There are 2 protein chains.
Amino acid sequence: MVETTRRREIEDVASELFREHGYSGTSVRDIARALDIQGASLYAHVASKQDVLWSIVDRTASQFEAAADAALADLGDAEPMARLRALALAHVGVVVEDIGRASVFIHEWRSLSPERRARTLTRRDAYEQRFRDVIREGIVAGTFAPIDPTVAAAYLLTALNGLVAWYQPDGRLGPSSVTDAYVELSIRAVSGAAADEAS
Amino acid sequence: MVETTRRREIEDVASELFREHGYSGTSVRDIARALDIQGASLYAHVASKQDVLWSIVDRTASQFEAAADAALADLGDAEPMARLRALALAHVGVVVEDIGRASVFIHEWRSLSPERRARTLTRRDAYEQRFRDVIREGIVAGTFAPIDPTVAAAYLLTALNGLVAWYQPDGRLGPSSVTDAYVELSIRAVSGAAADEAS
DNA sequence: CCTACCGATCGGTAGG
DNA sequence: CCTACCGATCGGTAGG
């Protein structure tokens, strides 16, 4: 199963390059150079550059979905706040665990072929729907502030995704402290009464 | 002053294309085509493709700075919450006002030449410092939850910047309702005691 | 995984 | 703002 390993190596290297320079800004030869092989040799392992992007995006989408599934499976019918907390924690966990792939999934979907882009956006919408649903339930329950669940979910997810813009795995802040802070900020953002409605 | 107008047109068109396809994914001929001129004709108005990106980024950076200055000028020594609210409102205002340029400023700085990228990151850090400062003051004053100001500022700014990922000027939601919701979510995210420390 | 190579497109220049 | 053109690089193929 050497091919699978090599394929993963290619995707690892490509993720980092796509993250840093974008899909368009990364050439097939850039990827090959990072692997110490010739540009054309890459085609012994992949069908196309687009194929590499698709593998990264598709696999990472599955990771986000699986993490959300696992997070909610434990909770069942727990309170909305506990479930939103679990969703946020699962999301940040995937981001922190593989920031290169997460970054590509989040930012490079525009470079997918039209059909794949459409499929990916549909999956992302379904994923985001989980956030919208739990936020809506929390509002009904009175736990969360009365705010448009679509706006709130978009806000939270882009905030959590923003981690890829600055987080460094070997930086000053450890993964758990950043994760905790991000979850805490997110929960508080939607909690309680509106901050400017003190009356 | 025809040149200035034409120059602006070029930057307007380029902003939209850079936003949609990235700097690397947009060719000089793409920009020219959108203006109904030949690719080479663009060089009668600009020195290089990089030059266009730089103009957009530089001008937009100034807009964010000016908006923050104006927002704080009115307030002087008001409470941290009022000042953070003003900063957030100013920031979202610039984003909503010209989402194309804002998106390029936020995402395409990686494509700047090394020197310009460094200068831009320095400016961004100074801008973000205003958020860190007011958050820190709010924590000291007891208005905001005790959280790392650097993490909180990064969270808030990426959340606000996330608007460019989904907001459509002619969409279902008007600019003021989205702006208000974003400011409200941001203020609440940092306000009060930690959500999970009820004791 | 390599060498040799392909047509297409890239950013940019010359000269008007 | 145009035509004509440049060298470099692009993603990808052929054949081993």
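None of the values given here were measured: they were computed from a predicted structure. In what follows, every chain begins at residue 1, and chains take the letters A, B, ... in the order their sequences are listed.
Taking atom OH of B:Tyr43 as the reference point, atom P of D:dC6 lies 17 Å away to the nearest angstrom. Straight-line distance from the CZ atom of B:Arg33 to the C1' atom of C:dC10: 13 Å, rounded to whole Å. Per the geometry, CG belonging to B:Leu35 stands 10 Å off P belonging to D:dC2, to the nearest Å. Rounding to whole angstrom units, CG of residue B:Asp30 and P of C:dG12 are separated by 14 Å. At whole-Å resolution of the value, CD in A:Gln38 and P in D:dG11 are 15 Å apart. In this structure, the NZ atom of B:Lys49 is 8 Å from the P atom of C:dG12, given to the nearest Å. Taking atom CD1 on B:Ile31 and atom C1' on C:dG12, their separation rounds to 13 Å, with Å as the unit. For the pair A:Asp36 CG and C:dC1 P, the interatomic distance rounds to 11 Å; values are reported in whole Å.
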Please list every donor-acceptor pair under 3.5 Å in which a side-chain atom of residues 168-181 of chain B meets a protein atom from a residue at least two apart or in another chain.
unit_1   : atom_1 : unit_2   : atom_2 : d
B:Arg172 : NH2    : A:Asp148 : OD2    : 3.4
B:Ser177 : OG     : B:Gly174 : O      : 3.1
B:Thr179 : OG1    : B:Pro175 : O      : 2.7

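Comparing A:Ala44 and A:Arg29, the nucleotide of DNA chain C nearest to each residue sits closer to the 5' end for A:Ala44.
For the atom pair CD of B:Glu108 and OG1 of B:Thr120, the computed distance is 12.5 Å after rounding to the nearest 0.5 Å. Interatomic distance, CZ of B:Arg101 versus CZ of B:Arg59, reported as 5.5 Å (0.5 Å rounding).
Remark: D:dA14 base-pairs with C:dT3. Criterion, Watson-Crick or G-U wobble with two distances under 3.5 Å.
Between B:Arg124 and B:Phe105, the closest side-chain pair of non-hydrogen atoms falls below 4.5 Å.
Proximity of A:Ser41 to the phosphate of C:dC2: a side-chain N or O atom is located under 4.0 Å from OP1 or OP2.
The side chain of B:Val28 lies closest to C:dG12, out of C:dG12, D:dT13, D:dC1. Minimum atom distance to the side chain of A:Ala40 is reached by D:dT13, of the listed D:dC10, D:dT13, D:dC2.
Ring orientation note: the planes of A:Tyr155 and B:Tyr155 are nearly perpendicular, at an angle over 60° on the 30°/60° scale.
Residue contacts shown for B:Ser24 are absent, as no nucleic acid heavy atom lies under 4.0 Å away.
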